[in-house]
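Only heavy atoms go into these numbers, but all of them, side chains included; no hydrogens, no water, no symmetry mates. So that the names make sense, note that chain A is the first sequence line, chain B the second, and so on, each numbered from 1.
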2 protein chains.
Amino acid sequence: MAVNAESNNVGDGLTLQMVRDSLIRQEDTIVFSLIERARFPLNSPAYDPSYGSIPGFSGSLVELFVKQTEAVQAKVGRFENPEEHPFFPDNLPPSLVPHYKFPEVLNPAAMSININKAIWDIYFNKLLPLFVAPGDDGNYASTAARDLECLQALSRRIHYGKLVAEVKFRDEQKDYEPPIRARDTLVSLLTFADVEEAVKKRVAKKAMTFGQEVKLGEDEDKGKYKVDPVVLSGLYGDWVIPLTKEVEIEYLLHRLD
Amino acid sequence: MAVNAESNNVGDGLTLQMVRDSLIRQEDTIVFSLIERARFPLNSPAYDPSYGSIPGFSGSLVELFVKQTEAVQAKVGRFENPEEHPFFPDNLPPSLVPHYKFPEVLNPAAMSININKAIWDIYFNKLLPLFVAPGDDGNYASTAARDLECLQALSRRIHYGKLVAEVKFRDEQKDYEPPIRARDTLVSLLTFADVEEAVKKRVAKKAMTFGQEVKLGEDEDKGKYKVDPVVLSGLYGDWVIPLTKEVEIEYLLHRLD
């Protein structure tokens, strides 16, 4: 079941090494984005649909902000890249920029998979209270911008499961076909417990490295980090890894269509 | 001329320590934002006004993106905070959220100071080519989003000069009044060469700490960073510190109005 790094470099350029490198690099982005969100307290009015009175809009400030920012991003072509998934996919404006030919490596079934609703729910209801301080400093717009960065970083990482699944499938096609045809459980085939442990340890180490207060000419404040490393490894263990697997399974169940 | 940390804690809560802590924390944000921009190559079509054909808009994709994103941010109240300065201040829509009472610590003259045109010019024409790889991967929307993060982080840091000047003025009012009245040079009063050297060293150290590849169970790749530490200390020495001083001088020249 081990994935062989040498065997899956196919014509479209997708390699296991590329997928791995991207996942590792995306960890940095996730850690940075959480550290940056933690600069602000909870700022609960940003999440309260009854706060303010936004003409023609019934949701919270964050919903308004994400929806309208995604619309701007759609116009400049963000969602033309199959690695990007909107949180509010309905009624997005079309891209105004010439079509860029992103590499086509995935089965077309990938297009229909978007689990951002689950990511949104976990981020706001479970993750956020674990790593931001209580309080209200009035910076709702900056808070919403930081939330969108976190959401997009997590969404990109979790939906990268499509590429992870594709590369695993190509490498061990014989192992994957029977359970896919039987619509059987794939989760054990997709689980590499030692890799998952290493990922959790590495993101905790990144939380320590990137979240420390860097000072000149003296020891750092060891043990004082901007986001608790335990929260980071928990985020990966409890949500990022399982949700990525959910995306992988969804993708593989349609891989032979 | 040395600033005394104990003497300037006045009724509105502005203290030298707060200003210093914020400047130091903002260094992390600037380093993170440059590292994140460096994930993408230059992507020059994003800056080319002749690329694409955007109905009713004659600028580049980045201009369109920043202008429209700032409009969304204005609606959710970003520019109600006097620490935030838009790059396209003309015709911004009004905030839709209830007024939040941010602390009023600055002289009203502060409102009219916005040097974002200079920051925009330096960022795109001088800084960007120093820290991104050449090339084009088609991710113009993500690139523009990263550019906006860098621009806003730099703008906030440089315009923080208003608060720096206010706290220095309060602390040494007698030293500042004569040159302000004479509209004389203030630059020597505002220059603390040893502090500036320390800032440049610290941001270089942050570039090394935050820009390293963090690995488990082995030595890091020392000397390989996502953004060159020399670029970071140069950014501060050549642009951030001088532009902050420009903001400080502008502010002080109107401090007695």
Side-chain angles (χ1 to χ4, degrees), chain A residues 24-25 27-29 32-33 35-36 39 45-46 51-55 57 61-62 64-65 68-69 71-81 83-84 95-98 100-102 136-142 144-145 149 152 198 201-202 205-206 208-210 212-217 226, chain B residues 24-25 27-29 32-33 35-36 39 45-46 51-55 57 61-62 64-65 68-69 71-81 83-84 95-98 100-102 136-142 144-145 149 152 198 201-202 205-206 208-210 212-217 226:
Chain A
I24 289 171
R25 179 62 188 82
E27 290 165 7
D28 297 22
T29 301
F32 292 157
S33 64
I35 289 173
E36 288 295 285
R39 272 168 54 210
Y51 180 78
S53 57
I54 305 162
F57 194 83
L61 276 187
V62 159
L64 178 83
F65 177 81
Q68 297 200 352
T69 304
V72 174
Q73 295 182 336
K75 283 190 261 182
V76 292
R78 183 183 189 100
F79 304 108
E80 302 292 294
N81 183 338
E83 290 175 24
E84 303 290 346
S95 168
L96 300 174
V97 304
Y100 182 90
K101 212 177 144 32
F102 291 101
D136 182 349
D137 70 359
N139 285 305
Y140 312 135
S142 296
E149 290 295 328
Q152 289 183 332
K201 276 191 191 141
R202 192 173 54 233
K205 189 174 176 188
K206 288 183 176 183
M208 290 186 241
T209 306
F210 303 149
Q212 66 185 303
E213 193 178 337
V214 174
K215 292 178 180 175
L216 282 179
K226 297 187 184 84
Chain B
I24 290 171
R25 180 62 188 81
E27 290 165 7
D28 297 22
T29 302
F32 292 157
S33 65
I35 289 173
E36 287 295 284
R39 272 168 55 208
Y51 179 78
S53 56
I54 304 161
F57 194 83
L61 275 187
V62 159
L64 177 83
F65 177 81
Q68 296 200 352
T69 304
V72 175
Q73 294 182 337
K75 283 191 260 181
V76 294
R78 183 183 190 101
F79 304 109
E80 302 292 293
N81 184 338
E83 291 175 22
E84 302 291 345
S95 168
L96 301 174
V97 304
Y100 182 90
K101 212 178 144 31
F102 290 101
D136 182 349
D137 70 359
N139 286 305
Y140 312 135
S142 296
E149 290 296 328
Q152 289 183 330
K201 277 192 191 141
R202 191 172 54 232
K205 188 172 176 190
K206 288 183 177 184
M208 290 185 239
T209 306
F210 302 148
Q212 65 184 303
E213 193 177 339
V214 174
K215 292 178 181 176
L216 281 180
K226 297 186 184 85

Residue part contacting chain A, namely of [X], when any heavy atom lies under 4.5 Å:
X: B/E80; result: neither
X: B/F102; result: side chain
X: B/Q152; result: neither
X: B/K226; result: side chain
X: B/A198; result: both

Distance-minimising heavy-atom pair for [X] and [Y]:
X: A/F210; Y: B/F32; answer: O-CZ, 3.5 Å
X: B/A145; Y: A/Q73; answer: CB-NE2, 4.2 Å
X: A/V214; Y: B/R202; answer: O-CD, 3.7 Å
X: B/G77; Y: A/A141; answer: C-CB, 4.1 Å
X: A/Y100; Y: B/D136; answer: OH-O, 3.2 Å

### Message
Under a 4.5 Å cutoff for heavy-atom pairs, which residue among A/R25, A/R78, A/E83 has the most contacts with chain B?
### Response
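Top option by heavy-atom pairs under 4.5 Å: A/R25.
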### Task
Report the option among A/T29, A/L64, A/T69 that has the most heavy-atom pairs separated by less than 4.5 Å from atoms of chain B.
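Top count of heavy-atom pairs under 4.5 Å with chain B: A/T29.
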### Query
Below 4.0 angstrom, N of the basic side chain to O of the carboxylate: do A/E213 and B/K206 qualify?
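Looking at A/E213 and B/K206, the cut-off is not met.
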Below 4.5 Å, heavy-atom pairs only: which of [options] has the largest tally toward chain A?
options: B/N81, B/L96, B/V72; result: B/V72
options: B/D137, B/I35, B/V62; result: B/D137
options: B/F57, B/Y51, B/F79, B/Y140; result: B/Y51
options: B/P45, B/P98, B/S142, B/A144; result: B/P98

### Task
Would you indicate whether the side-chain heavy atoms of B/E149 and A/E149 approach each other to under 4.5 Å?
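With C-beta onward as the side chain, the pair touches.
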### Task
Sort A/E84 into side chain, backbone, both or neither according to what part of it lies under 4.5 angstrom from a heavy atom of chain B.
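It is the side chain, since no backbone atom gets that close.
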### Query
Which distance, rounded to the nearest 0.5 Å, do you find between the NZ of B/K75 and the CD of A/Q68?
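Those atoms lie 3.5 Å apart.
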### Message
Once rounded to the nearest 0.5 Å, what's the spacing between atom CD of A/Q212 and atom CG of B/D28?
### Response
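Reported to 0.5 Å precision, the distance equals 9.5 Å.
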### Task
Please test B/V97 against A/L61 for side-chain contact (heavy atoms from CB on, under 4.5 Å), starting from the C-alpha separation and ending with a verdict.
CA-CA 8 Å; B/V97 304; A/L61 276 187; 3.2 Å; yes
